[in-house]
Amino acid sequence: MTLTGSTIPRVRFAPSPTGYLHVGGARTALFNWLFARRMGGVFVLRIEDTDVERSSTDMVTGILDGLSWLGLDWDEGPGVGGPHAPYFQSERLELYRAAAAELVAAGRAYYDFGGPSKRGDAAADDDGTYERRYDRDACLAVSADEVARRLAAGEPYAIRFLVPPGETVFADLVHGDVRFDNAHIEDFVVLRSDGYPTYHLSVVVDDIAMAMTHVVRGDDHISNTPKQVLLYQAFGKPVPHFAHVPLIMGADKKRLSKRHGATSVMEYERQGYVPEAMVNFLALLGWSPGQDLELLTKDELVAHFTLEGISTGNAVFNTEKLDWFNHQHLLKRSDDDLVTLLTPWFERAGLWQADLAGARRGWFVEVLTLLRPRARRLGEFVDGARPFLVAPDSYDADGVAKHLSAPGIGAHLTALREAFAGLEAFTEGPLEQTLRAVAEQRGLKAGVLIHATRLAMTGRTVSPGLFELLRLLGRDEVVARLARVIQTR
RNA sequence: GUCCCCGUCGUCCAGAGGCCUAGGACGUGGCCCUUUCAAGGCUAAAACACGGGUUCGAAUCCCGUCGGGGACGCCA
């Protein structure tokens, strides 16, 4: 017995290309993807570009790039095609027009010649009465002949769905039963006067045509859902399962927006986050594997994912935690991966040298290894590696005051320089023994020389362990940097 | 304003009537390690919004209040 088409879960991510892929959309896409992968289902990507005014192909590209960066591959959709192509709604307009006509023919929708009214034309009154922007009675009073005449005359019209009386209920996989009194639902437009469908119509027509079994989307769509359920019923089609996931909020619990910092996922790439960290973090924002599991690979997320594990309340985006995830996942990257990942970062900083991937590769990897426990984002590797690649061009003022200003420090460092110059094995052990011996001979605490030397080597007061640093710098460079500081004392 | 959703540590989650003196993670404080900064180890503070029920027993069920969010477009 093999699975038939109808038993294979089919889900979709259906972004509108009116902006870049933001973290909220990315998480919705992720949940859909995880569900499809977990269930052996199909993940469809569909572009909802029926708002010609605001949609752009650049945005489509941006969204595709974002998904690709996160590693969320789609089984059907732009670039890969599929049995239900095309996957751009702007190329499926005839379908929606036919569907709208079907509704009218069935008496489930009617023509509205009233002309467009935009949001705000008629807001709700303070006393709670809601003034409709359209006149259902007037529209319905127009006779069939009259409608035909006006259509023939080329009068612009919109088509509105005739909301029946009663109650609309749907079982949400994360919220349970959600019910709406149809009296609170107005006769929404399904086909605009420009011939384009509205969201409600196109989404339902396509979800039916593309055989979606589950609709996983943001909470903000809950109040849209009864309208769509009504449409499924009017078309005589089965209603898919819905799962409305809570929204992601900023630190002030307000909806995430520009003023909370980065909202585009690609912006996180620019800030030095790796995709697997972003995926791990996003997955745990509003979902739980049901155990105290935190650090998960994409495969592990797939293995644990269930729609039932999605939480009901909104979640606040916490950058500190994202940083921690990034640090953890950076630790898990192989040396090869890390070098590949970092190469463009060093290039941009003007610090890249070809032999870092060749003759000095082993050395470079050692530098990166010292930096790993200290780096949360990729850029920190560049900053941390700088002193290993170029001599300091300035010295931290506070550090100089603290570690290079004591009388006699020049002589102390000269003694150290000479000892280092004569060292046979320029490795951690001998390096440390030598420094401590010099300190003792001169009646100094080792820390005095250590701090002064760190400053001489890096220009900074913080760095990885001094002796590893010295070893990797090499005798010539160490002696030269020491000499340069001594000159100024 | 109307409708809908939600309400456990600062934040993200666990908890599906007794296992809870409420657990984990991030963050924060302290201690240890230590040449600085990290990392690591140990440790501490930190929450069931409030009020009524139901029940032998409620963080878990019901109602209300308050609070937060979302939707009310010829946007998606």
Side-chain angles (χ1 to χ4, degrees), chain A residues 14-18 48-51 53-55 112 114-121 123-130 133-134 156-160 172 174-175 178-181 183-186 188-194 196-200 202-203 218-226 244 246-247 249 251 253-255 281 284-295 309 311-318 320-325 327 331 370-376 380 384 399 403 432 435 445-451 453-455 458 460-467:
Chain A
S16 175
T18 54
E48 309 219 324
D49 55 350
T50 54
D51 184 346
E53 298 272 307
R54 301 196 299 147
S55 297
D112 177 357
S117 58
K118 293 263 168 138
R119 173 186 199 170
D121 279 7
D125 293 336
D126 288 342
D127 62 8
T129 55
Y130 188 82
R133 283 168 279 267
Y134 61 97
Y157 65 89
I159 292 178
R160 284 185 188 274
D172 190 284
V174 347
H175 294 287
V178 181
R179 45 192 358 120
F180 288 81
D181 182 337
H184 295 299
I185 304 170
E186 67 171 29
F188 52 96
V189 168
V190 291
L191 197 70
R192 298 181 248 177
S193 51
D194 61 3
Y196 281 81
T198 60
Y199 167 66
H200 299 301
S202 59
V203 79
D219 245 355
D220 50 340
H221 284 288
I222 286 185
S223 42
N224 288 150
T225 307
H244 286 99
L247 270 19
M249 319 296 271
K253 307 243 180 139
K254 298 288 184 203
R255 203 170 182 176
F281 171 69
L284 260 28
L285 248 198
W287 172 79
S288 162
Q291 306 161 49
D292 290 333
L293 262 27
E294 309 286 341
L295 217 53
S311 42
T312 50
N314 290 340
V316 172
F317 190 94
N318 183 342
E320 311 261 75
K321 194 158 188 174
L322 206 211
D323 280 345
W324 179 79
F325 275 114
H327 176 242
L331 252 23
L370 290 182
L371 264 14
R372 270 190 201 255
R374 298 169 168 81
R376 290 146 75 82
E380 293 170 31
H403 307 301
E432 180 161 7
L435 181 140
K445 288 173 72 175
V448 174
L449 288 182
I450 288 173
H451 291 122
T453 304
R454 168 176 293 111
L455 201 55
T458 66
R460 306 172 182 179
T461 55
V462 303
S463 79
L466 181 66
F467 304 107

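Sequence lines set the chain letters: A, B, ... in the order given, protein chains first and strands last, and positions in each chain run from 1. Values in this document were obtained by computation on a predicted structure and should not be read as measured data.
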Nucleotide-resolved protein contact map, nucleotides 10-30 of chain B, B/S/- at heavy-atom distance under 4.0 Å: BSBSS--------BBBSS---
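Remark on RNA chain B: of its neighbouring residues Pro464(A) and Arg179(A), the 5'-side contact belongs to Arg179(A), judged by nearest-heavy-atom nucleotide. Heavy-atom distances to RNA chain B give each of His451(A) and Pro373(A) a nearest nucleotide, and the one nearer the 5′ end belongs to His451(A).
In this view, Phe188(A) and Phe161(A), His200(A) satisfy the ring pair (Phe, Tyr, Trp, His ring centres under 6.0 Å) rule, not counting sequence neighbours. Not counting sequence neighbours, the partners of Leu293(A) by the side-chain contact (heavy atoms from CB on, under 4.5 Å) test are Pro289(A), Gln291(A), Leu296(A), His304(A).
A 4.5 Å side-chain heavy-atom check between Lys321(A) and Phe281(A) finds at least one atom pair inside the cut-off. With contacts defined as side-chain heavy-atom distances shorter than 4.5 Å, the pair Thr312(A)/Pro246(A) does not qualify.
Of the inter-residue distances, the one linking Thr225(A) atom OG1 with Asp172(A) atom CG reads 7.5 Å to the nearest 0.5 angstrom.
Pairing partner, A16(B): none, since no Watson-Crick or wobble contact has both distances short of 3.5 Å. Across all strands shown, the partner of U2(B) is A71(B), judged by Watson-Crick or G-U wobble contacts whose two distances both fall under 3.5 Å. G7(B) and C66(B) make up a base pair, with Watson-Crick or G-U wobble contacts both under 3.5 Å. Partner assigned to U60(B) is none, using Watson-Crick or G-U wobble distances below 3.5 angstrom. Pair assignment for C33(B) gives none, since no Watson-Crick or G-U wobble pairing has each distance under 3.5 Å. In this structure A44(B) sits in a base pair with U28(B), meeting the Watson-Crick or G-U test at under 3.5 Å.
Enclosure of atom CZ in Phe467(A) by more than 12 non-hydrogen atoms of other residues, nucleotides or ligands within 6.0 angstrom is indicated.
When distances run from any side-chain atom of His200(A) to the nucleotides A76(B), A39(B), C74(B), the shortest one goes to A76(B). When distances are taken from the side chain of Phe180(A) to each of C3(B), C74(B), A76(B), the shortest belongs to C3(B). The side chain of Val178(A) sits closest to C5(B) out of C5(B), A71(B), A76(B). Residue His184(A) places its side chain closer to U2(B) than to any other of U2(B), G69(B), A76(B). Checking U35(B), G69(B), C74(B) against every side-chain atom of Leu247(A), the shortest atom distance belongs to G69(B).
Inspection of the His221(A) and Asn224(A) side chains reveals an N or O donor paired with an N or O acceptor under 3.5 Å. Between the side chains of His244(A) and Asp220(A), no donor N or O sits under 3.5 Å from an acceptor N or O.
In this structure, Arg372(A) does not reach the A39(B) phosphate: none of its side-chain N or O atoms is under 4.0 Å from OP1 or OP2. Between His175(A) and C6(B) there is a side-chain N or O to OP1 or OP2 distance below 4.0 Å. When the side-chain nitrogen and oxygen atoms of Thr50(A) are compared with OP1 and OP2 of A76(B), one or more of them lie within a distance under 4.0 Å. Taking side-chain N and O atoms only, Thr312(A) has a distance below 4.0 Å to OP1 or OP2 of G7(B).
Using a 4.0 Å heavy-atom distance criterion, Asp323(A) is classed as making no nucleic acid contact. Looking at heavy-atom distances under 4.0 Å, Thr461(A) makes contact with a base. Residue contacts for Tyr196(A): at a heavy-atom cut-off of 4.0 Å it reaches no nucleic acid atom on any strand shown. Across all strands, Pro197(A) comes closer than 4.0 Å only to sugar-phosphate atoms, never to a base (heavy-atom distances). Residue His244(A) is classed as having no contact, given no heavy-atom separation below 4.0 Å to the nucleic acid. Residue contacts for Arg255(A): at a heavy-atom cut-off of 4.0 Å it reaches the sugar-phosphate backbone alone, with no base atom in range.
Rounded to whole Å, the separation between the C1' atoms of U21(B) and A59(B) comes to 15 Å. Between C6(B) and C12(B), the two C1' atoms lie 16 Å apart (nearest whole Å). G24(B) and A14(B) have their P atoms separated by 15 Å, with the value rounded to a whole Å. Only the P atoms considered, A38(B) is 12 Å distant from G27(B), to the nearest whole Å. Distance noted for atom C1' between C19(B) and C62(B): 25 Å (whole Å). As rounded to the nearest Å, G30(B) and A45(B) have P atoms that lie 15 Å from one another. Straight-line distance between the P atoms of G10(B) and A71(B): roughly 28 Å, to the nearest whole Å. Taking atom P on both nucleotides, A25(B) is separated from C42(B) by 10 Å, rounded to a whole Å.
Between His451(A) and His403(A), the ring planes lie parallel to each other; the angle is under 30°, not in the 30° to 60° tilted range.
At distances below 3.5 Å, not a single donor-acceptor pair connects side-chain atoms of Ser193(A) with backbone N or O atoms of Tyr157(A).
We find that NZ of Lys254(A) is positioned 9 Å from C1' of G69(B), with the value rounded to whole Å.
For Asn224(A) against A76(B), a side-chain N or O and a base N or O form a donor-acceptor pair under 3.5 Å.
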